[in-house]
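Computed from heavy atoms alone, side chains included, the values below leave out hydrogens, waters and symmetry copies.
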Amino acid sequence: PFESTSIPGAYRRFLQPVIFEPWASRLIDLVGLREGQDVLDVASGTGAVARAAARVVGPSGRVIASDISTAMLAHVPIGADPGGAPIELLESSATAIALPDAIVDVALCQQGFPFMPDRAAAAREMRRVLRPGGTIGIAVWAAGRRLEPFDSYGEVLVAAGFDTPFIRGSASGKMSMSEAEVHGALSAGGFTDVEVTVQELMLQWPSIEAAAAGISGTPYWPVIESLEPARREEVMSALRDVFAGSDGGPIRQTTI
């Protein structure tokens with residue numbers, strides 16, 4: 001059993017170490033982030049990318065974490081490396097970033113791009129705040145591939161008879177983008193040297209319980225939280241079954 005006080009808190013506790021911190025390291029490696037650079041992390045969420053960037057650029061660099069959610073931004077400084085760059089918090093829309101032109105060397109966005117209503121506008125804004133010769137790095141879920149653990153969460157809820165806008169949206173691929181969509185959005189935003197690569201990450205869950213409890217850090221959670229205790233435990237038990245491997249430990253999953 002576990003207690004979930006908030007979706008952002010559960011996201012940080014269960015999902016961030018297994019999914020978003022490893023992806024953050026991968027993204028930073030791909031863009032070749034260097035010491036002393038100034039970085040903007042767009043749709044920062046609880047700050048996995050911002051904190052990783054702050055460690056790399058060091059105290060001579062600068063990191064700005066922007067998001068439209070104050071609840072998510074409140075988590076960004078927690079666990080930041082005291083020897084890294086200070087992280088500035090900016091509550092701002094990705095399509096109207098409240099920063100001057102040409103202020104950062106690198107703009108990053110991890111898993112937020114598919115949710116933006118006007119991706120080309122967001123790309124234009126990230127290009128606007130970049131200095132000449134700057135770099136943008138965007139990570140998105142790959143369309144047409146299983147998206148774990150979120151597909152497993154949704155499938156369990158559908159099998160249990162639930163239907164919500166988020167379940168329908170995730171099933172229709174609104175959480176992911178194709179390589180062509182990524183390339184098209186960045187090109188429409190004014191970027192001319194665009195490279196799209198497909199990466200895989202193996203999820204290493206610490207326990208079956210943690211894998212199932214990860215649903216409490218997603219928009220699926222209000223459905224489960226509203227249930228009577230017995231019904232809630234029934235759904236959580238079904239989730240634990242999905243994540244149980246044949247050896248009695250958590251299964252290994254690939255996400256792309």
Side-chain angles (χ1 to χ4, degrees), residues 19-20 23-24 26-33 37-50 52-53 62-73 76 88-145 147 150 165-166 168-199 201 218-219 255-256:
I19 304 171
F20 296 101
W23 274 130
R26 188 80 61 88
L27 178 61
I28 283 172
D29 287 345
L30 285 170
V31 300
L33 197 63
Q37 290 186 309
D38 296 335
V39 180
L40 171 65
D41 178 24
V42 178
S44 187
T46 57
V49 169
R62 178 189 187 191
V63 174
I64 305 167
S66 71
D67 203 285
I68 59 172
S69 169
T70 54
M72 285 290 194
L73 284 174
V76 173
E88 304 166 33
L89 306 183
L90 176 66
E91 185 178 344
S92 179
S93 165
T95 55
I97 301 171
L99 289 173
D101 295 352
I103 195 172
V104 296
D105 303 300
V106 179
L108 302 171
C109 181
Q110 176 169 268
Q111 314 305 357
F113 205 47
F115 300 95
M116 295 174 186
D118 190 338
R119 296 164 181 169
R124 282 194 295 272
E125 275 295 271
M126 284 185 264
R127 184 172 181 271
R128 179 184 64 78
V129 301
L130 282 175
R131 296 181 178 122
T135 302
I136 183 174
I138 290 178
V140 304
W141 305 120
R145 315 290 183 94
L147 173 52
F150 309 104
F166 185 77
R168 290 192 296 274
S170 60
S172 67
K174 290 183 179 178
M175 293 173 67
S176 59
M177 294 176 67
S178 69
E179 294 175 61
E181 286 174 324
V182 174
H183 196 287
L186 294 179
S187 297
F191 291 96
T192 55
D193 185 13
V194 179
E195 180 181 354
V196 181
T197 65
V198 177
Q199 301 275 317
L201 177 71
T218 75
T255 188
I256 301 173

Self-check item: Nearest heavy-atom neighbours spanning V198 and E179
Solution: CG2-OE2, 3.5 Å
Quiz item: Does some side-chain heavy atom of I138 sit less than 4.5 Å from a side-chain heavy atom of V42?
Solution: no
Self-check item: Residue pairs, two or more places apart or on separate chains, that pass salt bridge (Lys or Arg N to Asp or Glu O under 4.0 Å) and touch residues 105-120
Solution: D105-R131
Practice problem: Name all residues meeting the side chain to side chain donor-acceptor pair (under 3.5 Å) criterion together with S92; count only those two or more places apart in sequence or in a different chain, and write none if there are none. | Solution: none
Self-check item: Spatial distance of atom CG (L108) from atom CD1 (I28) [nearest 0.5 Å]
Solution: 6.5 Å
Quiz item: Which atom pair, heavy atoms only, marks the closest approach of G45 to V76?
Solution: O-CG2, 3.5 Å
Quiz item: Out of curiosity, L186 CG to E181 CD, how far, rounded to the nearest 0.5 Å?
Solution: 11.5 Å
Practice problem: Could I get the full list of side chain to side chain donor-acceptor pair (under 3.5 Å) partners for R26, not counting sequence neighbours? | Solution: Q199
Practice problem: Measure the CD1-SG distance between I136 and C109 for me, rounded to the nearest 0.5 Å. | Solution: 7.5 Å
Practice problem: Sequence neighbours left out, what passes ring-ring contact (aromatic ring centres under 6.0 Å, His included) with F20? Give chain and number order. | Solution: Y11
Quiz item: Considering all heavy atoms of both residues, which atom of P100 and which atom of V129 are nearest to each other, and what is their separation?
Solution: O-CG1, 3.7 Å
Self-check item: Heavy-atom closest pair, residues A185 and A123
Solution: O-CB, 3.7 Å
Quiz item: Tell me, do P114 and M177 make a side-chain contact under 4.5 Å, heavy atoms counted?
Solution: yes
Quiz item: Which pair of non-hydrogen atoms, one from S176 and one from A143, has the smallest distance, and what is that distance?
Solution: OG-CA, 3.5 Å
Quiz item: Nearest 0.5 Å, what's the CD1-CG distance between I103 and L130?
Solution: 11.0 Å
Quiz item: Does the pair I97 and L90 meet the rule for a side chain to side chain contact (heavy atoms under 4.5 Å, CB included), with working shown?
Solution: CA-CA 9 Å; I97 301 171; L90 176 66; 4.3 Å; yes
Quiz item: Which value, rounded to the nearest 0.5 Å, describes the distance between I64 atom CD1 and D38 atom CG?
Solution: 7.5 Å
Quiz item: Around atom CG of L30, are there more than 12 heavy atoms of other residues, nucleotides or ligands at under 6.0 Å?
Solution: yes
Quiz prompt | Contact summary for G32 and Q37, nearest pair of heavy atoms | solution = O-OE1, 4.3 Å
Exercise. Mind jotting down which residue pairs meet the salt bridge (Lys or Arg N to Asp or Glu O under 4.0 Å) criterion with at least one end in residues 88-100? Sequence neighbours excluded, please.
Key: R62-E88
Quiz item: Do other residues, nucleotides or ligands put more than 12 heavy atoms under 6.0 Å from R128 CZ?
Solution: yes
Practice problem: Name all pairs fulfilling the salt bridge (Lys or Arg N to Asp or Glu O under 4.0 Å) condition that reach into residues 185-198, sequence neighbours left out, sorted by first residue then second. | Solution: none
Quiz item: How long is the gap from CD on Q110 to CH2 on W23, to the nearest 0.5 Å?
Solution: 8.5 Å
